[in-house]
Amino acid sequence: MSLRLIDIASVIRSKNAGPFEITLDVIFKSKLAYDQVRASNALSARVISRLYAVETAAPIKITWFEPAFAVKITFPRRVPSGSLGDTDVYGAQHYAPLLSLKLEGVSDVE
């Protein structure tokens, strides 16, 4: 059985990083969960590209922050915030694909 990100994170959220980028924040419940996800590469640029239909050539920045057991992921928005076709002007609903993300290579972290 593989774990889902929602099972081992205390916070999963998204927001704008300016009008042209989205930032995802994940804060893990424990250092063990943080370490296992980081080592597994389950939140790689390839995974984010697939989940969010971001072109593979687009810059996806992933910053791991061990003191908070957190990771910040930033990638380009499909359309600029507030422009025609934008469905989430604040970027607050972009976290949803992460909720059901299965973490291959991550075992029980309790």
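Heavy atoms only: backbone and side chains are in, while hydrogens, waters and symmetry mates are out.
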Short N-O contact, Arg78 and Asp86, less than 4.0 angstrom: no
For the student: nearest non-hydrogen atoms of Leu24 and Ile48, plus distance: CD1-CD1, 4.4 Å
NZ-CD1 distance between Lys29 and Ile8, expressed to the nearest 0.5 angstrom: 8.5 Å
Considering all heavy atoms, the nearest Ala92-Asp88 contact: N-OD2, 3.0 Å
Side-chain heavy atoms of Tyr52 within contact of Pro97, under 4.5 Å: yes
In one Ile/Leu/Val/Met/Phe/Trp/Tyr side-chain cluster, 4.5 Å: Ile27, Val37: no
Residue pair Pro59 / Pro76: nearest heavy atoms and the distance that separates them: O-CD, 3.3 Å
Rounded distance (nearest 0.5 Å) linking atom CD1 of Ile60 with atom CZ of Phe75: 7.5 Å
Residues Asp7, Arg4: salt bridge by 4.0 Å N-O rule: yes
Distance-minimising heavy-atom pair for Asn16 and Arg77: OD1-NH1, 2.5 Å
Pairwise side-chain contact, Lys15 with Asp25, heavy-atom cut-off 4.5 Å (strictly under): yes
OG1-NZ distance between Thr63 and Lys72, expressed to the nearest 0.5 angstrom: 8.0 Å
Spacing of CG belonging to Asn41 relative to CG belonging to Leu103, to within rounding of 0.5 Å: 11.5 Å
Close side-chain approach of Phe28 to Ser30, heavy-atom, < 4.5 Å: no
Aromatic ring pairing Tyr34/Trp64, orientation class (parallel under 30°, perpendicular over 60°, tilted between): perpendicular
ILVMFWY cluster, Ile73 and Leu99 together (side-chain gap under 4.5 Å): yes
Interatomic spacing from OG in Ser40 to CG in Leu3 - rounded to 0.5 Å: 10.5 Å
Residue of the set Ile6, Leu51, Val26, Ile12 for which side chain to side chain contact (heavy atoms under 4.5 Å, CB included) holds with Leu101: Leu51
Ser14 backbone acceptor or donor facing Tyr90 side chain under 3.5 Å: no
Electrostatic pair Glu21:Lys61 at N-O distance under 4.0 angstrom: yes
Side chain to side chain donor-acceptor pair (under 3.5 Å) partners for Thr23, two or more places apart: Thr74
Gap between atom NZ of Lys31 and atom CD of Gln36 - 0.5 Å precision: 11.0 Å
